[in-house]
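For clarity, every value in this text was computed on a predicted model and none was experimentally measured.
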Amino acid sequence: MKKETYKIKGMHCASCVATIERVLSKTAGVHSASANFASESALIEFDENIISESGLVKAVDGAGYRLISKNVDFFEKDKVMKMPDMNMNSPQHNHMEMEREDKIKEMKRKLIIGGILSFFIFFGSFPEWFSFIPKTLNNNWMLLLLTTPVQFWVGWQFYSGLKLLIRYRTADMNTLIAIGTLSAYFYSVAVTVFPVFFTRGGITPALYFDTSAVIIVLILLGKYFEVLMKGRASEAIKKLIGLQPKTAKILRDGKEIEISISEVQVGDLIIVRPGEKIPVDGKITEGDSEIDESMITGESMPVHKKVGSLVIGSTINKFGTFTFSATKIGKDTMLSQIIKMVEEAQGSKAPIQRLADLVSSYFVPAVFIVAVLTFVVWFFFGPIPAFTFALVNFVAVLIIACPCALGLATPMAIMVSSGSAASKGILIKDATSLEIANKIDTIILDKTGTLTQGKPQLTDIIAFNNGNQENILNFAASLEQRSEHPLAQAITDEAKIKKIELYKLEDFKAISGKGLRGFLQTQSQKVEAYLGNRTLVADIGLDISPYEDDIRKLENEGKTVMILIVDKKILGALAVADVLKKEAIEAIKALKNNNIDVWMITGDNNRTAKAIAAQVGIDNVMSEILPDKKSEKVRELQKQGKIVAMIGDGINDAPALTQADIGIAMGEGTDIAMESANITLMRGDLMLILEVIKISKRTMRIIKQNLFWAFFYNIAFIPVAAGVLYPFFGILLNPIFAAVAMASSSISVVLNSLRLKT
């Protein structure tokens with residue numbers, strides 16, 4: 001299965017979304033399709049062995065829309081026209097942005113010309129109001145001449161709705177606009193061409209050229225503002241794309257040359273100087289520096305990097321010069337993956353949107369029925385001239401009912417929210433996760449690398465019998481200098497910080513499961529030294545009981561204790577622990593204050609697990625859990641009716657992340673954990689967990705507001721447009737005001753969604 005996001009041209013409302021999804025879902029080889037009105041795109045999962053991209057293009061083209069691919073663009077007399085194989089989102093060729101700019105230019109041109117013509121049409125249609133207007137403009141034939149280009153050139157984009165009606169017997173927003181304005185236009189044409197037929201009763205028939213022209217211009221104006229504001233909503237993607245550098249300085253044959261970013265290959269040695277962007281992902285081979293990674297992680301403080309450290313493409317080198325080896329290029333870089341994740345999130349659908357789509361699929365046909373009934377009732381029971389009243393109300397119902405706001409309500413909020421979250425270092429993979437996150441009532445936190453820093457640190461040095469702590473550290477670090485164990489790294493790192501000169505080590509031996517032994521050449525003599533656990537001490541035959549209280553106290557705090565023996569004497573002990581992240585206690589307290597049940601899961605023994613949990617304030621502990629059993633523990637809580645979020649960072653967390661209602665991966669964790677999760681916290685800050693829940697709550701609140709006003713607007717105004725108030729209050733809704741209201745509703749939904757940016 002291939003999963004790809006494609007741009008779709010010609011989408012106008014929720015009904016377009018439903019049509020595209022219906023056509024694609026019935027296409028052989030397509031597993032799933034989710035169209036998005038706000039981003040004018042479709043997320044399609046399909047089997048390449050059954051259907052190619054050109055097949056998808058044909059399927060969408062048959063429905064009256066256009067699918068844009070980097071490999072297949074459009075049709076010309078049934079011939080598939082191919083574009084060059086290039087990155088659609090590259091800074092050099094941002095195809096989607098070009099399409100949008102072309103669309104804005106075309107709409108602007110049509111608005112200017114249509115606006116000028118509509119100005120003259122409107123003033124020429126009411127000579128009794130505007131007596132200063134030249135008589136030429138009052139002529140019916142002149143009005144016909146001015147209206148025709150507005151109707152068929154300015155409003156051409158709306159006639160795709162007629163193709164849907166004729167070919168697929170379905171309708172969308174364009175169908176409503178096309179039928180409404182064409183009804184007004186052709187009635188006015190008939191009055192102009194056959195005036196005698198319409199003046200038989202001695203009543204001069206009204207012309208509705210102004211209604212037709214002004215409605216088209218107003219709706220196009222609304223669409224124009226909509227497109228402009230959609231651009232603001234998708235700024236997150238544009239900013240990410242704009243971060244990509246264009247060139248890289250690489251070493252080839254001992255010379256430094258500058259090449260295009262597209263020419264960089266895995267393994268190339270790349271030089272980065274202060275102030276420059278890092279071209280691609282890689283690992284430092286020479287030098288060190290402070291790097292600003294805020295565009296990826298949201299963390300404002302620069303991060304120190306040295307030889308062996310991983311660097312991320314498009315981040316900014318602040319101070320030193322360094323050389324690194326490229327490990328990931330092109331679409332494999334972290335930035336490209338982030339762009340893809342944000343695009344997929346913006347293209348996916350929240351469950352609440354599927355309800356809106358379902359309503360829309362029935363809504364448009366229902367509007368047609370209401371409009372026809374309105375025409376029939378007014379034609380047979382309305383006052384004279386009955387046909388005029390019937391036509392005006394028929395057009396008003398069609399125009400007021402366009403479901404633009406309904407189609408924008410959810411995807412606009414999702415688009416803005418996911419983009420805003422990305423700027424904070426929170427990557428949301430799909431809209432469903434964004435909707436569910438605010439319902440979370442139980443959170444399971446993996447211990448190592450999630451609650452803790454995932455890197456052991458030396459926490460305590462105890463010198464027995466009034467010994468010297470620095471001396472204890474020197475002996476221990478000297479013994480550990482050849483060991484590759486993580487605990488050894490913690491001790492030697494501390495010795496480096498304190499600039500301790502290590503003793504020469506000879507005859508080093510690692511004793512499996514117990515510790516290590518070696519001979520150390522001190523200033524005065526060579527001594528035999530051991531560093532290890534209780535079992536090692538017992539094997540040597542020494543009595544540990546005088547120091548038992550000190551050792552047990554450290555062990556009860558969840559620390560690993562190593563006992564130092566020199567020349568058959570116990571000199572001291574060192575404690576190493578994976579220390580808590582600095583924000584862990586505050587994050588757990590905040591989650592509990594929000595009535596969320598917090599659990600810790602770990603493979604550690606019960607005593608160590610409870611010690612760590614006590615430090616951080618977690619009451620519920622699952623200890624000694626093997627990796628393959630973690631998902632079972634998640635399932636057990638789900639069976640109790642809980643909405644569970646699992647937070648982890650390792651390969652062993654992947655099954656549990658997938659099993660949970662929401663899987664949240666720490667960004668510094670493994671790739672497989674990030675792939676399995678629904679949400680990734682790029683800087684691994686535990687406080688971002690609460691931020692995810694807050695973003696979800698804000699987004700759902702905005703979506704519900706949008707849906708309420710979209711539904712309320714249609715439900716309230718359709719009866720008014722149909723003329724229900726006329727018998728009681730003499731109130732009718734002018735189709736022109738209906739067009740203003742329709743455009744305003746869409747713009748208000750977009751503006752309300754944009755509040756999520758702040």
Side-chain angles (χ1 to χ4, degrees), residues 1-12 15-100 102-103 160 163-164 166-170 172 234 237 241 262 328-333 336-349 354 357 411 429-431 675:
M1 287 287 178
K2 181 178 181 180
K3 196 174 185 180
E4 199 70 58
T5 301
Y6 297 99
K7 193 77 173 169
I8 305 286
K9 290 199 74 177
M11 292 173 67
H12 300 283
S15 292
C16 296
V17 169
T19 301
I20 290 167
E21 288 181 347
R22 188 163 60 248
V23 167
L24 285 170
S25 64
K26 291 180 179 178
T27 304
V30 175
H31 181 257
S32 65
S34 175
N36 187 308
F37 173 36
S39 60
E40 295 179 80
S41 63
L43 181 62
I44 306 172
E45 190 174 3
F46 61 99
D47 189 338
E48 290 183 286
N49 296 322
I50 299 174
I51 185 168
S52 62
E53 286 190 347
S54 60
L56 296 176
V57 174
K58 287 177 182 176
V60 173
D61 179 72
Y65 304 92
R66 181 176 149 204
L67 182 146
I68 300 173
S69 160
K70 65 181 179 182
N71 299 317
V72 182
D73 187 25
F74 62 92
F75 288 90
E76 186 178 294
K77 294 181 181 177
D78 295 327
K79 180 183 176 184
V80 178
M81 306 297 290
K82 293 203 171 186
M83 294 171 57
D85 188 7
M86 59 177 71
N87 182 359
M88 299 283 282
N89 286 332
S90 69
Q92 296 86 354
H93 185 92
N94 188 350
H95 189 78
M96 293 183 184
E97 184 61 22
M98 290 177 181
E99 288 272 0
R100 185 175 157 279
D102 288 344
K103 185 177 181 180
S160 62
K163 179 181 177 182
L164 278 178
I166 296 165
R167 187 168 177 180
Y168 296 101
R169 289 183 289 283
T170 186
D172 66 355
S234 59
I237 290 285
I241 292 168
S262 60
K328 292 181 180 178
I329 60 173
K331 64 181 182 180
D332 296 323
T333 63
S336 295
Q337 292 300 312
I338 289 171
I339 291 171
K340 185 178 179 182
M341 283 179 72
V342 175
E343 281 181 337
E344 287 186 359
Q346 293 183 347
S348 63
K349 283 191 180 178
R354 301 195 182 279
D357 290 347
K429 193 178 283 186
D430 53 57
E675 187 65 32

Distance (rounded to the nearest 0.5 Å) between [X] [atom1] and [Y] [atom2]:
{"X": "R22", "Y": "T27", "atom1": "CZ", "atom2": "OG1", "result": "12.0 Å"}
{"X": "Y65", "Y": "K9", "atom1": "OH", "atom2": "NZ", "result": "14.5 Å"}
{"X": "I20", "Y": "S25", "atom1": "CD1", "atom2": "OG", "result": "12.0 Å"}
{"X": "L56", "Y": "I44", "atom1": "CG", "atom2": "CD1", "result": "5.0 Å"}
{"X": "T19", "Y": "L24", "atom1": "OG1", "atom2": "CG", "result": "11.0 Å"}
{"X": "E4", "Y": "L43", "atom1": "CD", "atom2": "CG", "result": "9.0 Å"}

Here the pair of heavy atoms bringing I68 nearest to Y6 is O-CD2, 3.7 Å
Side chain to side chain contact (heavy atoms under 4.5 Å, CB included) for H31 and K3? Distances and angles first, verdict last. CA-CA 10 Å; H31 181 257; K3 196 174 185 180; over 6 Å; no
- [ ] Return the set of residues passing side chain to side chain contact (heavy atoms under 4.5 Å, CB included) with D332 (not counting sequence neighbours), or none when no residue passes.
- [x]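 Applying side chain to side chain contact (heavy atoms under 4.5 Å, CB included) to D332 gives K328.
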Has E21 got a side-chain atom pairing as donor or acceptor with A35's backbone, closer than 3.5 angstrom?
yes
- Message: Determine whether V60 and V23 satisfy the following criterion, side chain to side chain contact (heavy atoms under 4.5 Å, CB included), listing intermediate values before the conclusion.
- Response: CA-CA 7 Å; V60 173; V23 167; 5.9 Å; no
